[in-house]
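Here's the structure, in C-alpha cells; my notes come after.
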Amino acid sequence: MSSVSYPFIYECSACPDGLTVTREDARGLYPDPDSPNAPEVVLQERGWMKGPDENLYCPDCGKAAGR
Ligand SMILES: [Zn+2]
C-alpha cells in the first residue's frame with residue numbers, strides 16, 4: 001500500500017507555472033519513490049523552492065525573490 005499517489009502537481013505561488021512530478025521522475029532521483037520525501041527531492045532538483053506559509057516558487061520566481 002502506497003502513501004504517495006502520483007502524479008504530484010505543484011503550482012507556483014507567484015506565476016501560472018506548474019510542475020508535474022511523476023513516479024518515474026521520483027524514482028530517478030530518490031531510491032524510494034513511495035516515500036513522502038521523494039516528490040520534494042524532485043522539486044528541489046528542478047530548482048523549485050519553498051517559501052514561508054507553504055508557498056512554492058518556480059525557479060524563475062525563486063530567482064526574482066533573490067534566494
Ligand atoms: Zn513562478
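Order of appearance sets the numbers: ligands from 1, and atoms from 1 within every ligand.
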So do the side chains of Y30 and V42 get within less than 4.5 Å of each other, counting heavy atoms only?
no
Spell out the protein N/O/S atoms under 2.8 Å from the Zn ion (ligand 1) as residue plus atom name.
C12 SG, C15 SG, C58 SG, C61 SG
Main-chain N/O of L56 paired to S13 side chain as donor or acceptor, under 3.5 Å
yes
In a check of side chain to side chain contact (heavy atoms under 4.5 Å, CB included) between W48 and each of R46, Q44, E45, K50, which one passes?
R46
List the atom of S35, the atom of P39, and the distance in Å for their closest heavy-atom pair.
O-CD, 3.6 Å
Say whether, by atom type as modelled, one donor and one acceptor occur between the side chain of Y6 and the main chain of D25 under 3.5 angstrom.
no
Taking only Lys NZ, Arg NE, NH1 and NH2, and the carboxylate oxygens of Asp or Glu, determine whether D32 and R27 approach each other closer than 4.0 Å.
no
